[in-house]
Amino acid sequence: MKQFLSFVRKEFHHIFRDRTTMAILLILPVLMLLLFGYAINTEVKNSKIAVYDPSNDSYTRAIIEKMDASEYFSVVKMLKNEQEMSEQFKNGEVKMVIAFSENFHENLLHTGDAQIALIADATDPNSAKSVVNYATAIIAGYQMESQHLQQIPFQINTQIKLLYNPQMKGAYNFVPGVMGMILMLICAMMTSISIAREKEMGTMEVLLVSPVKPAMLIIAKTIPYFFLSLINLTTILLISVFVLGVPVVGSLFWLLVLSLVYIFVNLSLGLVISSVVNNQQTALLISGMVLMLPVIMLSGLMFPIENMPVFFQWISQLIPAKWYIIGVKKIMIKGLGFSAIIPQLTVLSGMAVLLVAISIKKFKYRLE
Amino acid sequence: MKKVIEVENLTKAFGRFKAVDQISFEVEKGEIFGFLGANGAGKTTAMRMLCGLSIPTSGKAIVAGYDIRTQPEMIKKNIGYMSQKFALYEDLSVAENIRFYAGIYQVPEIEIAPRTLELLNRLGLENEKDSLVKALPLGWKQKLAFSVAIFHHPGIVFLDEPTGGVDPVTRRQFWEMIYEATDSGITVFVTTHYMDEAEYCDRVSIMVDGKIAALDTPANLKKKFEANNMDEVFYRLARNASRKAD
Amino acid sequence: MISCKNISKKYKKVQALNDISFEVKPGEIFGLIGPDGAGKTSLFRILTTLILADEGFASVDGLDVVKDYKLIRERVGYMPGRFSLYQDLSVEENLNFFATVFNTTVEENYELVKDIYQQIEPFKTRKAGKLSGGMKQKLALSCALIHKPTVLFLDEPTTGVDPVSRKEFWGMLKNLQQQGITILVSTPYMDEASLCDRIALIQKGRFLTIDSPQKVADSFQKTLLSVSAENMSKLLTDLRAISEVESCFAFGDSHHITLKDPTSTHKQENWGPQKKNINDIDLTINNLKMMLEAKNHINVVIKKIKPGIEDCFMELSKNNL
């Protein structure tokens, strides 16, 4: 036990003395959350739009006013003819153009055939989609209001309700994502690097030629990063609740349980990586390429898994972060209980057991 | 004789610690100058300053006619450098390494091919031109590294422990290459831990605690310290060094 | 204490060790002398159970390096080629850590490391990464000794360390030997060979010879002369041009030459009689001196000398190409 404690103490020394790395590890989650929260915002706010309104009647003006008044859009230009439309897009000055048909109000009243075209710049498909959705919603809303005034029968009343995330805040999506990413980064990447460093410096050679048990060495290596990731977990949750306004709706206890299992998976993943690499550089590259990229691309953090080709959907099943993020969303955002995360917990636990087994089996008690 | 290195009261301090403490010496053209000292005596710091890599705290030095304080870039163009730790890119071929160094030292394009050929002939490496450096035996690597360091015909070449770990025969061949280089007018500034190699130098300086404790020809040093070999000279001077921990 | 029988090890194309057999007796300082890449480190790693040999059998303290690797690891001390210390831990922390790794405490075995550790104790709060080569070496040795090993494996402990620290280091090894510890040490510095009880000269994975340094030197068959003159560089070229000179190498302030066996040369009548005795050698020396002076060398001094280990190594390595 004394041997073990002194091992752990040594690991903490390594971490505390490398101040730059420690600072990065502690500040990184804060930085990522703030970046996702404020800078990289996929929400639509004050998007610039232009309007082509040849009919220019009370109805169209009202819609335009409504658009401009909403927090999503600001009307920056009234176009005089259709040619101007393409110029606007080419210059990249507006996100969307709203074009009304001629004699809009009259047509609406008499033939019921009044048209609005929403033309969006889809170079960024995600934001184009949201811009169009918001615009449609505003137009539909106005239509409803005016119907109340005019009492036209047979009108379908569309009501949209956004569950769990009524304000459609991006934070609801990325907070779980950042949690998945940070915990993986700290646990898997740092553990593998710290073992690779011992190999690189030659200290592993001395440790191998000593009565130290491999299991002890492995566990001692992981403990500091375990604590570090708990600190990060706390920071992330505090920031998300108090700064970004994303509440923990469900049980904090089960959120922690799920996180612990996930941390465990990643620590063992780090150990598996360290058993195949011999220097810090490769450890960094492998954890970067093999772990980070899939988490960003395939875990559902950035792109919805349902839209991926089947092959990638299959691969995404193998990514621990995917299961964790789903589980976190269920508890944190949807407020579901233990029974809802049983599948996620089971899969993650299975992965943990498997990876620990592999890492112990693969740990080399010789140099080759 | 023309002086190619002139050092006057050169000092480098890190905080209150004087790594190099007011050293002065001169090296003449074509000389083999041995720069010895215990670990931590300040050799590396002094050598870095002379190569224009570090600015002195006080004092001055002229290397190859340029001031180390104001013209470090000119110095770098006019010296060659080889160290045991880093010399050649292991994952490049012999020819690629030569081509690379010729490029960074701006050897005229037209000269590169004939000089490369001459170098390979001299080392007997014609057939290894396209082999990766890591496939060569250590002794060959070191000989190649030296040849590459003087490929741009520098006035001075700095050698930082060039022969560490090499077998005795190769070590001697290496020194014969150094002799050949000095015959063509190149000045050699060399550090080593092999005391018998100190004997090959024209003059030797021994640094102790940041200062030059002795500087003379090996023969004179041995006479002065009544020693049989340089090993004993070194031992007498460095034994009482106070600065051992650095 | 250490025993190797027909050990061979191959890495891809390189034959690192080729049929190595030797024994180290208890309490002996045994030196492996040879340049980088000779196979020294591979041999150390096999004996310290870090790698497996392709062929052959080895045991340390009576324990098989393959089967009993766990037991061996409890009782040997190992100092790898690069001083394997934690650069970001202090001197004291390094020592304490390695003590607990071996399930012991610094206090328990302080007697053994006292002499060595006391020299670095004034700097015990300094980070190992900031120590000089000589100090690192002492700390690494203390760490390797802290569990009172029966056998000590030191892989190039003096490489890159200045001559003064090297001398001190060998002094420490002698002290440890007196406390009954068997030491296997490797070095590329030939002058350190005389400090070992027995040595093996190793090159390209093969042992050139195994014996006491004295006997290795005695086994040198040829006459060895040291030659010096004013212009050493020219002397070297001129000596090599003389057909009777078999080999000629610079050795510090003189050149060492060996002469061809007179029976095999055509000019034997010029070169003195076949039988070697003191007078013949004097004759040879005089001849040689005259030849050199004829080439305008001044202050020519020629002496018959006893060969050193380096002379032997160079002579023996000729046959191992």
Side-chain angles (χ1 to χ4, degrees), chain A residues 1-25 190 193-221 223-225 228 275 278-280 360 363-368, chain C residues 9 11-12 16 41-42 44-54 60 65-66 69-90 92-106 127-129 140 143-144 146-147 149 151-153 155:
Chain A
M1 195 58 196
K2 190 165 168 270
Q3 207 180 14
F4 179 69
L5 287 179
S6 106
F7 235 109
V8 174
R9 191 175 329 121
K10 176 195 87 113
E11 296 304 328
F12 272 112
H13 278 317
H14 288 322
I15 296 179
F16 288 140
R17 289 191 183 159
D18 188 357
R19 281 167 201 273
T20 340
T21 310
M22 194 177 69
I24 292 175
L25 291 182
M190 294 313 293
I193 288 178
S194 98
I195 293 185
R197 180 170 48 210
E198 299 241 6
K199 291 189 187 175
E200 210 174 303
M201 297 301 296
T203 40
M204 187 57 100
E205 233 174 293
V206 180
L207 292 183
L208 285 176
V209 187
S210 79
V212 171
K213 298 214 165 43
M216 201 196 82
L217 198 153
I218 285 183
I219 296 170
K221 273 276 163 204
I223 284 192
Y225 296 107
L228 210 57
S275 66
N278 283 319
N279 59 58
Q280 299 179 65
I360 289 182
F363 183 86
K364 292 168 194 144
Y365 53 87
R366 295 186 205 277
L367 281 178
E368 53 179 20
Chain C
K9 175 78 191 171
Y11 299 106
K12 284 174 195 157
T41 300
S42 297
F44 270 95
R45 288 184 171 168
I46 288 172
L47 292 172
T48 50
T49 76
L50 282 171
I51 59 173
L52 298 172
D54 297 337
V60 173
V65 291
V66 181
Y69 74 93
K70 279 187 181 158
L71 293 170
I72 291 181
R73 289 177 184 193
E74 277 171 27
R75 58 182 82 178
V76 303
Y78 175 43
M79 194 171 140
R82 307 160 287 172
F83 307 136
S84 302
L85 300 163
Y86 292 99
Q87 310 285 329
D88 53 347
L89 297 190
S90 71
E92 207 176 16
E93 285 163 347
N94 264 295
L95 192 65
N96 279 322
F97 173 71
F98 281 107
T100 42
V101 160
F102 285 96
N103 279 320
T104 177
T105 58
V106 174
K127 304 266 188 305
C143 291
I146 197 65
H147 60 294
V151 188
L152 199 52
F153 291 94
D155 192 5

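All values derive from a computational prediction rather than experimental measurement. Below, read A as the first sequence line, B as the second, and so on, with proteins coming before strands; counting in each chain starts at 1. These numbers come from the heavy atoms of this one structure, side chains and all, not from hydrogens, waters or symmetry mates.
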(request) List for me each residue that meets side-chain contact (heavy atoms from CB on, under 4.5 Å) alongside C:His147, sequence neighbours excluded, and say none if there are none. (result) C:Phe102, C:Thr104, C:Pro149
(request) Heavy-atom distances under 4.5 Å only: say whether C:Leu85 touches chain A with side chain, backbone, both or neither. (result) backbone
(request) Test side chain to side chain contact (heavy atoms under 4.5 Å, CB included) on C:Thr48 and A:Glu205 and set out the steps. (result) CA-CA 10 Å; C:Thr48 50; A:Glu205 233 174 293; over 6 Å; no
(request) Supply the atom-to-atom distance A:Ser210 OG to C:Asn103 CG, rounded to the nearest 0.5 angstrom. (result) 9.0 Å
(message) Just to verify, what does C:Tyr86 make a side chain to side chain donor-acceptor pair (under 3.5 Å) with, not counting sequence neighbours?
(response) A:Lys10, A:Glu198
(request) For chain C, find which of A:Met216, A:Arg197, A:Met201, A:Met204 contributes the most heavy-atom pairs closer than 4.5 angstrom. (result) A:Met201
(request) May I ask you to test the C:Glu74-A:Pro211 pair for a side-chain heavy-atom distance under 4.5 Å? (result) yes
(message) Looking at every non-hydrogen atom in both residues, tell me the closest pair between C:Ser84 and A:Gly202 and how far apart they are.
(response) OG-O, 3.0 Å
(message) side chain to side chain contact (heavy atoms under 4.5 Å, CB included) for C:Phe98 and A:Leu207? Distances and angles first, verdict last.
(response) CA-CA 9 Å; C:Phe98 281 107; A:Leu207 292 183; 4.3 Å; yes
(message) Less than 4.5 Å to any heavy atom of chain C: does that hold for the side chain of A:Phe7, its backbone, both, or neither?
(response) both
(message) Do C:Pro80 and A:Val206 have side chains that approach each other closer than 4.5 Å (heavy atoms only, starting at C-beta)?
(response) yes
(request) Specify which of C:Arg45, C:Gln87, C:Arg75 makes the most heavy-atom pairs with chain A at under 4.5 Å. (result) C:Arg45
(message) Need one label for C:Glu93: side chain, backbone, both or neither, based on atoms under 4.5 Å from any heavy atom in chain A.
(response) side chain
(message) I need the C:Thr100 OG1 to A:Leu5 CG distance, nearest 0.5 Å.
(response) 9.5 Å
(message) Give me the atom names and distance for the closest heavy-atom approach of A:His14 to C:Leu89.
(response) CE1-CG, 4.2 Å
(message) Return the CD1 to CG distance between A:Ile15 and C:Asp88, rounded to the nearest 0.5 Å.
(response) 10.5 Å
